[in-house]
Amino acid sequence: MNRVKYSMVVIGGGPAGLAAALEARELGCQDVLIVERDWELGGILQQCIHNGFGLHLLGEELTGGEYAQHFIDQLAQTDIEVMTDTMVIHLAPGLITAVNPQQGLLEIEAGAIVLAMGCRERTRGAISIPGTRPAGVMTAGTAQRLLNMEGLMPGKRIVILGSGDIGLIMARRLTLEGAKVEAVAELMPWSSGLTRNIVQCLDDFDIPLLLSHTVVAVHGSQRLEGVTLARVDDNFKPIAGSERHIPCDTLLLSVGLIPENELSQQAGVELDSTTGGPLVDQHLQTTVPGIFACGNVVHVHDLVDNVSLEAQRAAAGAVRWLKSEIARQKTIPVQAGEGVGYVVPQRISLPQPDEITLLFRVKRPMVGATAVVTDGEKQVASKKLPFARPAEMAELVLEKGSLEGCGEQLEVSVVERSDSR
Amino acid sequence: MFDVIIIGAGVIGSAIAWRLARHDLNVAVVERDDDVASATSKANSGIIHAGYDPEPGTLKAGLNVRGNKLYPDLCRELGVDYLACGSMVIAHEGQEEKLEKLLLRGRQNGVEDMAIISRDKLLDMEPNVAAEATSALYAPSAAVVSPYQLTVALAENAALNGVEFMFNTPVEDVLVEEGRVTGVRCGENIFAAPIVINAAGVHADRLAQLAGAERYDITPRKGEYLLLDKAMEGFVRQVLFPVPRGSSKGVLVVPTVEGNILAGPTAWDTEDREDVATTPQGLEEIRREAPWLVSGISWGKVIGSFAGLRAVADNDDFIIRASARVNGWIDVGGIQSPGLASAPAIAERVEHLVGGLTELNPRQDHVTQRKSPRVSQLDRMKRQQLIEKDSAFGRIVCRCEDVSEGEVLAALAGALPVCSLDALKRRTRAGTGRCQGGFCVPRLVAIISREKGIPPHQVTKKGPGSPVVSGWLDKGWKQ
Ligand SMILES: Cc1cc2nc3c(=O)[nH]c(=O)nc-3n(C[C@H](O)[C@H](O)[C@H](O)COP(=O)(O)OP(=O)(O)OC[C@H]3O[C@@H](n4cnc5c(N)ncnc54)[C@H](O)[C@@H]3O)c2cc1C
């Protein structure tokens, strides 16, 4: 078996992996390798031919492919090594086992490992939609790949379950290709997609968004023939009598993304049950020393710009770890308090020499809210959130030194103040 | 002109084909769907029951126990995964007597090595068993297989030995002249044979009627399942049954050969012989009933659900007989559970019936083995050698199940003529994992299109009428 060795190995060549590798090289790491299972770099961005990428980080609105290419071009200027068409099949601390057609099995020793495997879509099975199992039921991301990369039309008459961003984007995309999108049904009383996508992908094309609705049955034995939609009550149970049948040949599912952490778990990395991603500290170091993580493998981001930034922080952490510059005298947890779904990082390693970016999501839409970070009774930081929505990740920066003399745990909470309107 | 036609390529039709293929006979299997195991034989618990359940003296009892004994060698020969896990019937307070009854029945049926075990022993063997469990009937000879892997293996071996499989070929009429069967009609085509074996699952009674053979009636009884992620591997170690209540064996928790956990089935009679839709009530029932057996089952780990139809005959036993009314017609009907466990024994019995109608001479060039490379199961050295020989074995197309392009190509070029996604799934496991095809479907469509020389929008999920996509983009949208 082939055995090779690198100071840093990045698993996954999407936006997170690309940015992490570039940053590591930039910071002086000599030998960096990216392992990617697809034929090309770019990850999910390859199939995102719509625009809206890069506004924050690059100052211009690019398509997914263009955004990825920006990094791929930079990569070409470096000596970072890339293995595509290469699947990692096993992960242990410091040791990656991969396979590809050219070399067969490879054992890759790594000083530091950066996990950047992204996420996968939740499936029909995961949400147990009852009914038959015909062709024509697929995740929105699969449909996106079929259409934008393979040039194949998933169907002609479409219902979309879930108003995640990929679903919204696909509603517009399929309409532009001549399909009829009958409806987008969303279980929650609000959409999980970005507001701009609801406006630009649904409203502009008169596609109805049915909030508090779900699919209760799938019909057709060979190809999908229709679905039954129903309204749900406050406990998400379908309301009897509210069923309606919609003929369609395609049901797209945009019902959530799951960080892809089977490999991480093999290596003993502990996961956060809320995010589905590794528990990390501010250096994006997981619970296994020398294994770092960034991007959607950690938590699902709504903007790729944030992924790239997080990846840079992870790379910086990994480089410092390689130089034994990360001191972990003490680790304190960061809890999600009132109104907050989760916070990343979930823990902070002290002492804290730099500023720390906390990323979090609110549990429900809020107007005129304030996020506060507390250390017991003491308020450490706060930030106004004029319009907070679960779909949009919020950010709060802890200044350098703000955690001096800090206690046993931090908590982030978001409260609506009626007086702040 | 064939010597024997078998109607239906479920596990029963395929096992009969596999068994008859060792004789110098010209055998054809005609199947309505686009592959083997596309009906009940793909949607069941996969249990090779020990045999304590059927009433002594029934066909079920004898064939189950015999089938169970044949399985280990059969699986070894055909390269089929066989999980020798054993089974437990769990009792709660006050139900211990029922275990005694089953034990007695098992002994009458000839099941070996069964024992009633105490709560302590049970907890030792099944740490996640429900707190209310007091004791269990342990049957070490019970096992688990993948029912579709098994059926594919039986059929492929039969095909290697010259049996012809015709898919998408529903039998619409049975031809009978002067009290003798002469063949079957499928659409425009007539296939002639002096012996026709009816292994048509839930449709068998209708075909028997078409032939004018002795009448029986089948009621389909639906069973629904939830399949859980491999992350649950080890949650149960043996097949767990509740003590029997009423007509079905209740909701079980089963370890699969792949490392998933299966919970189900329900048991609901239905009128519709095509109705394999899962229902909210059915899936709810599974979630409600499974905790009777185990505690801490994590429903968030569900990756799929499905349903199958039991073919329940009015006499509640298997019907395996050469018709006295229609010469050459053999019924193999009412093959409900333990049909899978009994399949090799049923095939032996049918072979015997065929022997009563025609002379059986051994086939000279008969092959017993079948090998299909499973890259993920090879040790590293063998895997490396295989990739060096053919690099396609180094390209992973299904990331959840670690399936290589080489395995997909081998399946497409296999002894059985298949090309749908579901058929590939049954052969390679591509698409059965936690992402349920999200990653591999675009890749598989491209591979099938390339290998079979058909445009991608003609690639189907499960045969005619089930295209995966509706068209392609070529300067606009072409049909
Ligand atoms: C919920 C459930 C759980 C079960 N669990 C177990 C278990 O754990 N252990 C066990 O031993 N058994 C179990 N069984 C029973 C077992 O699955 C069946 O006994 C077995 O699969 C029956 O196989 P078959 O070949 O008779 O039927 P099928 O698999 O249904 O095959 C019949 C075939 O005939 C074809 N056909 C029908 N009509 C025509 C026609 N006119 N022309 C051409 N082809 C036709 C069909 O398309 C089909 O492919 C279970 C069954 C169910 C439903």
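Put simply, the side chain of B:Arg399 does not reach to within 4.5 Å of the side chain of A:Met117, judged on heavy atoms. By the 4.5 Å heavy-atom criterion applied to side chains, A:Pro130 and B:Gln281 are not counted as neighbours. Side-chain atoms of B:Gln384 and A:Asn2, non-hydrogen and from C-beta on, do get closer than 4.5 Å to each other. Using a 4.5 Å heavy-atom cutoff, the side chains of A:Arg124 and B:Gln436 are not in contact. Counting heavy atoms from C-beta outward, A:Arg133 and B:Thr278 have side chains that approach closer than 4.5 Å. Using a 4.5 Å heavy-atom cutoff, the side chains of B:Arg434 and A:Ile258 are not in contact. Side-chain contact between B:Pro280 and A:Val216 is absent, with no heavy-atom pair separated by less than 4.5 Å.
Here the shortest heavy-atom pairing between A:Gly155 and B:Ser470 reads CA-OG, 3.3 Å. A pairwise comparison of heavy atoms in B:Cys435 and A:Arg120 identifies CB-CD, 4.0 Å as the closest pair.
Residue-level contacts of residues 440-447 of chain B with chain A, in order of numbering, are B:Pro442, B:Arg443, B:Val445; threshold 4.5 Å between heavy atoms. Taking non-hydrogen atoms and a 4.5 Å limit, the residue list of residues 260-274 of chain A in contact with chain B, ordered by number, reads A:Glu260, A:Glu262.
Contact annotation for B:Leu228: neither backbone nor side-chain heavy atoms come within less than 4.5 Å of a heavy atom of chain A. Contacts between A:Arg122 and chain B at a heavy-atom distance below 4.5 Å are absent for every atom of the residue. Heavy-atom distances place no part of A:Gln144 under 4.5 Å from chain B, backbone and side chain included. For A:Thr97, the part lying near chain B is the side chain, with the backbone staying farther off; criterion is any non-hydrogen pair under 4.5 Å. For a residue to count as touching a neighbouring chain, one of its non-hydrogen atoms must lie under 4.5 Å from one of that chain's; by this rule B:Val302 touches chain A with backbone and side chain alike. Proximity to chain A (any heavy atom under 4.5 Å) is shown, for B:Ser305, by both the backbone and the side chain. When heavy atoms are compared at a cutoff of 4.5 Å, A:Leu147 approaches chain B by way of both its backbone and its side chain. With a 4.5 Å cut-off on non-hydrogen atoms, B:Leu283 touches chain A through its side chain but not through its backbone.
B:Lys382 NZ: 12 or fewer foreign heavy atoms inside a 6.0 Å radius. For CD of B:Glu388, the number of neighbouring non-hydrogen atoms (other residues, nucleotides, ligands) closer than 6.0 Å is greater than 12. Heavy atoms from other residues, nucleotides or ligands lying under 6.0 Å from NZ of B:Lys230 number more than 12. No more than 12 heavy atoms of other residues, nucleotides or ligands lie within 6.0 Å of CZ in A:Arg231, so this atom counts as exposed by the packing criterion.
A distance-only check finds a donor-acceptor pair linking the side chain of A:Arg223 to the backbone of B:Pro467 [under 3.5 Å].
Of the listed residues A:Thr142, A:Thr132, A:Asp85, A:Leu224, the one with more heavy-atom pairs under 4.5 angstrom with chain B than any other is A:Asp85. Per-residue heavy-atom pair counts under 4.5 Å with chain B were compared for A:Arg145, A:Met149, A:Glu121, and the maximum is reached by A:Arg145.
Taken to the nearest 0.5 Å, the CG atom of B:Leu227 stands 10.5 Å off from the OG atom of A:Ser128. Within the model, atoms CD of A:Glu150 and CG of B:Leu473 stand 11.0 Å from one another, a figure rounded to the nearest 0.5 Å. If you take OG1 on A:Thr139 and CZ on B:Phe439, they are separated by 12.5 Å, rounding to the nearest 0.5 Å. The CG atom of B:Leu386 sits 10.0 Å away from the CG atom of A:Leu105 when rounded to the nearest 0.5 Å. Between the CD1 atom of A:Ile89 and the CG atom of B:Asp402 there is a distance of 5.5 Å, given to the nearest 0.5 Å. The distance from atom NZ of B:Lys461 to atom CD of A:Gln222, rounded to the nearest 0.5 Å, is 9.0 Å.
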